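Chain letters run A, B, ... following the sequence lines, proteins first and then strands; every chain starts at 1. In this text, all values refer to a predicted model and were calculated from it rather than measured experimentally.
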Amino acid sequence: MDYQFKEIEQKWQKHWAQNQTFKAEKDSAKPKFYVLDMFPYPSGAGLHVGHPLGYIASDIFSRYKRLKGYNVLHPMGYDSFGLPAEQYAIQTGQHPALTTETNINTYRTQLDKIGFSFDWSREVRTSDPSYYKWTQWIFMQLFNSWYNLETDKAEDITTLIEKFNAAGSADVRAVCDEDVKSFLPSDWATMTDEQKQEELLKYRLTYLRESTVNWCPALGTVLANDEVKDGYSERGGHPVEQKKMMQWSMRISAYADRLLQGLNTIDWPEPVKEMQRNWIGKSVGASVRFKIDDLRLTNDKEIVNRQSSIAYHIEVFTTRVDTIFGVSYLVLAPEHELVTALTTPEQLDAVNAYIAQTKKKSELDRMADTKTVSGAFTGSYVVNPVSGERVQLWIADYVLAGYGTGAVMGVPSGDQRDWLFATHFGLPIVQILDAQKDIATQADPTKEGKYINSGFINGMNYTEATATLNAWLEEKNAGKAKVNYRMRDAIFGRQRYWGEPIPVYFKDGLPYLVKEEELPLLLPEIDKYLPTETGEPPLGRAENWSYDDQYEYELSTMPGWAGSSWYWYRYMDATNDSDFADKDAIEYWKDVDLYIGGAEHATGHLLYSRFWNKFLKDLGYVKEEEPFKKLINQGMIQGRSNFVYRVVDEEGRGTNTLVSYGLRKDYKTSALHVDVNIVENEVLNVEKFKLFRPEFANAEFILENGKYICGVEVEKMSKSKFNVVNPDVLIENYGADTLRMYEMFLGPLEQSKPWNTNGIEGVFKFLRKFWRLFHNDQWVFHVNDSVPSKAELKALHKIIKKVQDDVERFSFNTSVSSFMIAVNELTELKCKNRQVLEDLVVVLSPYAPHICEELWSLLGHEGGSLSYAEYPKFNPAYMVEDEFSYPISVNGKTRLNLNLSLALQSKEIEETVLANEDVQKYLEGKAPKKVIVVPGRIVNIVI
RNA sequence: GCUCAGAUGGUGGAACUGGUAGACACGCAGGACUUAAAAUCCUGUGACCUUAAAAGUCGUGCGGGUUCGAUUCCCGCUCUGAGUACCA
């Protein structure tokens with residue numbers, strides 16, 4: 001029988017499903033291995049060929065590890081809360097749960113056809129109440145926790161209350177809001193419950209606070225920083241503006257340093273680690289307080305009221321405290337709260353005009369326009385704490401209200417931006433290091449040399465000066481060494497319907513958790529999915545949406561990343577009803593050994609997951625500090641569009657003539673997208689094209705060499721560009737095994753590349769050759785029990801070693817090539833040997849599981865599945881050759897090859913080579929200066 | 001601007017610690033089998049020069065360097081892609 005891939009694949013997919021072949025159990029006898037894919041959002045469009053790339057790689061790895069004797073956990077599920085289903089619901093009124101269900105079924109059908117070895121008994125869906133019950137539960141744990149800097153971990157809020165009872169706020173060192181109160185134990189005791197709750201909220205790891213958020217009016221919701229790209233929403237590309245709102249936030253900043261340090265312990269691609277480092281944005285420096293001079297000019301009452309304990313000062317953050325003697329001005333962000341109070345009457349008009357101008361500029365313009373120097377003098381002065389010098393206080397939009405303290409010191413000699421500002425506004429430029437050069441023309445940020453014009457640090461170097469200043473400032477209560485992070489707390493609420501309800505209700509304006517036994521707090525049914533007329537989130541439409549029939553529930557839902565920040569633990573024990581996962585299961589599976597997914601999640605999902613993991617570890621629920629030991633980013637598969645060229649007339653109207661790619665220069669043409677599925681090797685199938693675009697049914701085709709050649713361009717894969725390649729179609733034509741191997745053959749897993757179906761025939765041909773290897777001329781299955789020849793064993797063991805090495809370093813494309821070589825060699829040798837072919841089947845099975853299972857069963861292994869076989873051992877004995885053909889180079893140029901015994905030592909090789917007649921000819925009678933012999937590699941003679 | 005990744009035939013790509021560059025596949029050209037098609041098989045295929053054949057020269061983005069020997073290591077540059085951006 002010829003290679004009947006359809007029957008074979010259906011047969012074995014059914015077999016695996018019925019026998020639950022890939023169901024993983026806790027099994028302490030075997031070492032565990034956890035292979036995880038980033039689970040998909042089930043979109044309506046279904047899978048295209050780019051989606052399964054990572055899944056195929058992880059599946060090959062999983063099957064390989066099973067053969068190697070590991071107990072492999074390889075699950076799959078769906079990140080099924082999300083915006084598209086809700087948008088669809090708004091348009092059509094269809095409940096997102098229905099859309100999601102339909103899409104999941106499509107995904108499942110498509111995934112099943114590829115023959116993955118997923119353990120579907122552990123499937124999770126983030127929108128399923130039995131799942132989001134535990135997402136809500138984790139939210140509650142976060143609400144009930146605070147971050148204790150003494151122990152450097154999260155603790156239950158009760159330990160904080162104990163501290164308040166015992167000693168008040170005095171010796172509490174916590175990551176908390178800036179406006180926490182100082183109080184004595186006696187004060188705490190006399191507070192009302194409401195006052196206590198209000199105060200505790202400032203410490204909780206998830207908290208409610210008024211903050212500036214990214215508001216997207218088109219989507220009617222707030223977005224996290226990582227969901228905004230260049231001032232537009234990542235999903236949909238709608239403009240985003242800044243807005244103050246009461247919002248749920250997660251105190252991820254508490255974990256900033258641990259998230260940074262943890263990166264050094266995990267095997268992740270360097271670019272992803274780098275992105276996370278930049279996102280966290282740690283800068284080590286100092287905060288310094290500049291006293292406001294001459295308060296008569298200001299409305300000092302206002303200052304006192306707003307900044308009770310630090311009035312009369314402006315605090316700046318700097319990474320170069322050593323340059324402080326070079327400060328010639330101070331700048332506030334235009335939004336800084338002290339600006340109004342510190343503006344003198346004379347400067348009021350200028351400052352107001354500047355603020356108005358800043359407001360008019362959109363966030364985008366402000367980011368794009370980095371060249372123009374602008375600012376306004378407030379009329380006030382501040383005093384440099386180290387020199388006592390009086391310097392001007394300005395406002396400028398290059399200072400961001402959201403970073404540091406919203407105020408910076410200007411050191412023109414050391415910072416180019418400050419230099420430009422000072423030059424533009426005629427402020428002094430003071431040299432502070434003797435090594436600074438050319439400061440009349442530009443700033444010199446060097447840290448070399450000794451300080452000059454710098455008071456008590458004159459003559460010191462950078463390290464000494466920094467230490468001295470930090471100590472001095474601290475002693476004088478004018479500042480201190482400080483570490484600043486760019487990363488902000490993560491906004492946690494979304495004004496959407498299709499997400500996890502936040503398990504909170506409000507009493508007297510303060511949030512309280514529902515009881516744990518009341519989880520899950522089910523998403524209520526509503527009639528429409530739009531915000532209410534009064535601008536409340538969709539949940540405002542729900543009837544009786546209140547706790548105890550009197551306290552209103554929170555109306556926003558959780559963001560998309562909530563459900564995906566812990567899902568790998570749910571797979572460990574997916575159906576548990578009393579815990580998010582059983583303690584023993586977590587103890588056994590521990591963490592993810594290999595995680596495969598796209599790099600686009602670098603600062604979103606992958607950071608939030610690490611955060612929640614560390615939090616769960618602090619509370620003792622999980623074992624490992626980091627969730628994903630090794631990460632591989634599969635490359636993006638781009639679309640590859642084909643074009644036909646329509647001749648246009650003088651007025652630019654399209655004619656009924658299409659010209660082939662190579663001849664289009666002779667005409668005036670316009671390019672039209674053409675469905676890539678009717679183009680093969682850039683040759684258009686004209687008949688199919690006429691069906692695809694009936695308006696060209698009678699068109700004239702100008703051909704070259706009898707063919708219509710299409711143009712090519714790389715674009716995003718999308719329906720409108722007719723460049724979507726559906727895996728189902730390829731499976732229909734070539735089978736899943738061919739698709740799997742071709743996706744791997746296309747190139748290195750981690751490299752982005754356009755999809756191109758052109759080479760798939762080669763892989764299909766290979767599988768047919770492989771199939772034929774087991775058959776005679778009449779297509780009858782035929783193997784024999786002869787003694788394998790040395791050549792056969794060599795071909796086999798070469799591929800055993802190669803595939804093993806390749807899989808371990810995730811180089812799947814090179815092993816596909818090696819399989820082709822091995823099969824060609826064995827075909828040439830007319831190998832029908834059972835022993836050799838059996839091992840070959842096992843080695844190939846992770847890549848092409850269906851055909852291998854079929855052959856395995858034809859080889860007489862009834863009932864069992866290949867998955868429980870052992871990976872064949874590589875035996876170097878078969879690889880050893882008696883002779884090696886040494887390339888002989890003279891002065892680096894290869895001249896000839898000589899067969900020499902591998903047993904020879906370097907010295908003997910040298911003697912034999914030099915004695916050779918042909919070699920002598922190339923030496924032209926000269927004596928060799930030097931002979932380099934690398935045994936088993938090369939001989940190079942230098943003359 | 002900064003950070004990271006990359007650049008190899010007509011195409012996708014290979015070359016693992018510096019050791020015969022272009023494996024493997026696609027495409028193309030020619031041939032065998034066939035009434036024909038499909039399928040299969042064989043031969044050739046980096047460029048240049050030359051030939052009956054052989055041999056030779058150049059060649060891994062560009063310019064240098066280290067080395068007996070560099071796609072691989074070092075320095076400088078160009079281009080492409082990704083991320084990030086007045087971050088003090």
#### Entry: Pair Glu761(A) + Arg768(A): basic N to acidic O under 4.0 Å
no
### Summary
Contacts of Met275(A) and Glu828(A) projected onto RNA chain B by closest heavy atom; the upstream (5') one is Glu828(A)
### Query
In terms of the nearest nucleotide of RNA chain B, which residue is placed more toward the 5' end: Ser752(A) or Val934(A)?
Ser752(A)
[atom1] atoms of [N] and [M], separation to the nearest Å:
| N | M | atom1 | value |
| --- | --- | --- | --- |
| G69(B) | U78(B) | C1' | 28 Å |
| A54(B) | G65(B) | P | 36 Å |
| U43(B) | C33(B) | C1' | 16 Å |
| C2(B) | U72(B) | P | 25 Å |
| U66(B) | C73(B) | C1' | 8 Å |
| G83(B) | G19(B) | P | 35 Å |
| A36(B) | C26(B) | P | 25 Å |
| A55(B) | G46(B) | P | 15 Å |

Take atom [atom1] of [X] and atom [atom2] of [N], then tell me their distance rounded to the nearest Å.
| X | N | atom1 | atom2 | result |
| --- | --- | --- | --- | --- |
| Asp777(A) | U40(B) | CG | P | 15 Å |
| Gln638(A) | G12(B) | CD | P | 12 Å |
| Gln416(A) | C2(B) | CD | P | 13 Å |
| Leu332(A) | A88(B) | CG | C1' | 13 Å |
| Ile709(A) | G27(B) | CD1 | P | 13 Å |
| Met409(A) | A88(B) | CE | P | 12 Å |
| Asp397(A) | C86(B) | CG | P | 11 Å |
| Glu750(A) | G12(B) | CD | P | 20 Å |

### Message
Tell me if the centroids of the rings in Phe819(A) and Tyr847(A) come within less than 6.0 Å of each other.
### Response
yes
### Task
Would you confirm whether the ring centroid of Tyr742(A) sits within less than 6.0 angstrom of the ring centroid of Trp755(A)?
yes
Who pairs with [X] by salt bridge (charged side-chain N to carboxylate O under 4.0 Å, His left out), at least two apart in sequence or on another chain?
| X | answer |
| --- | --- |
| Lys753(A) | none |
| Glu682(A) | Arg640(A) |
| Asp418(A) | none |
| Lys801(A) | Asp805(A) |

Is the shortest side-chain N/O distance from [X] to OP1 or OP2 of [N] below 4.0 Å?
| X | N | answer |
| --- | --- | --- |
| Arg809(A) | C16(B) | no |
| Gln751(A) | G13(B) | yes |
| Tyr403(A) | A88(B) | yes |

Under the ring-ring contact (aromatic ring centres under 6.0 Å, His included) rule, collect the residues that match up with [X], sequence neighbours excluded.
| X | result |
| --- | --- |
| Phe317(A) | none |
| Phe421(A) | Tyr329(A), Trp394(A), Tyr398(A), Phe425(A) |
| Phe290(A) | none |

Main chain of [Y], side chain of [X]: is a donor-acceptor contact present, judged purely on distance under 3.5 Å?
| X | Y | value |
| --- | --- | --- |
| Asn776(A) | His782(A) | no |
| Ser752(A) | Gly635(A) | no |
| Gln751(A) | Gly747(A) | no |

Give me, pair by pair, the N or O atoms of the protein and of nucleotides 64-70 of chain B that are less than 3.5 Å apart, along with how far apart they are.
residue	atom	partner	partner atom	Å
C68(B)	OP1	Lys930(A)	NZ	3.1
C68(B)	O2	Asn940(A)	ND2	2.0

### Message
Any base atoms under 4.0 Å from Pro748(A), or only sugar-phosphate, or nothing? Heavy atoms, all strands.
### Response
sugar-phosphate
### Task
Report which part of the nucleic acid Glu270(A) touches: base, sugar-phosphate, or nothing (heavy-atom distance under 4.0 Å, all strands).
nothing
### Task
List the protein contact pattern of nucleotides 20-26 of chain B with one symbol per nucleotide (5' to 3'): B for base contact, S for sugar-phosphate-only contact, - for none; contact means a heavy-atom distance under 4.0 Å.
B--BBSS
### Task
Let me have RNA chain B in dot-bracket notation, would you? Count Watson-Crick plus G-U wobble pairs, both distances under 3.5 Å, and use [ ] for pairs crossing earlier ones and | for inter-strand partners.
(((((((..(((......[....)))((((((.......))))))(((.......)))..(((((..]....))))))))))))....
Please tabulate, for side-chain N and O atoms in residues 935-943 of chain A, each donor-acceptor pair with protein atoms closer than 3.5 Å (sequence neighbours left out).
residue	atom	partner	partner atom	Å
Asn940(A)	OD1	Gly892(A)	N	3.2

Tabulate protein N/O versus nucleotide N/O from nucleotides 53-59 of chain B, keeping only pairs under 3.5 Å, one per line.
none

### Query
Going by a 90° cut-off around 0, is G83(B) syn or anti?
anti
### Message
So if I take every side-chain heavy atom of Arg486(A) and compare against A88(B), C87(B), G13(B), which nucleotide ends up nearest?
### Response
C87(B)
### Summary
Taken to the nearest 0.5 Å, the spacing of Ser641(A) OG from Lys716(A) NZ works out to 11.5 Å
### Message
A side-chain contact here means heavy atoms from C-beta on lying under 4.5 Å apart; do Met717(A) and Val49(A) qualify?
### Response
yes
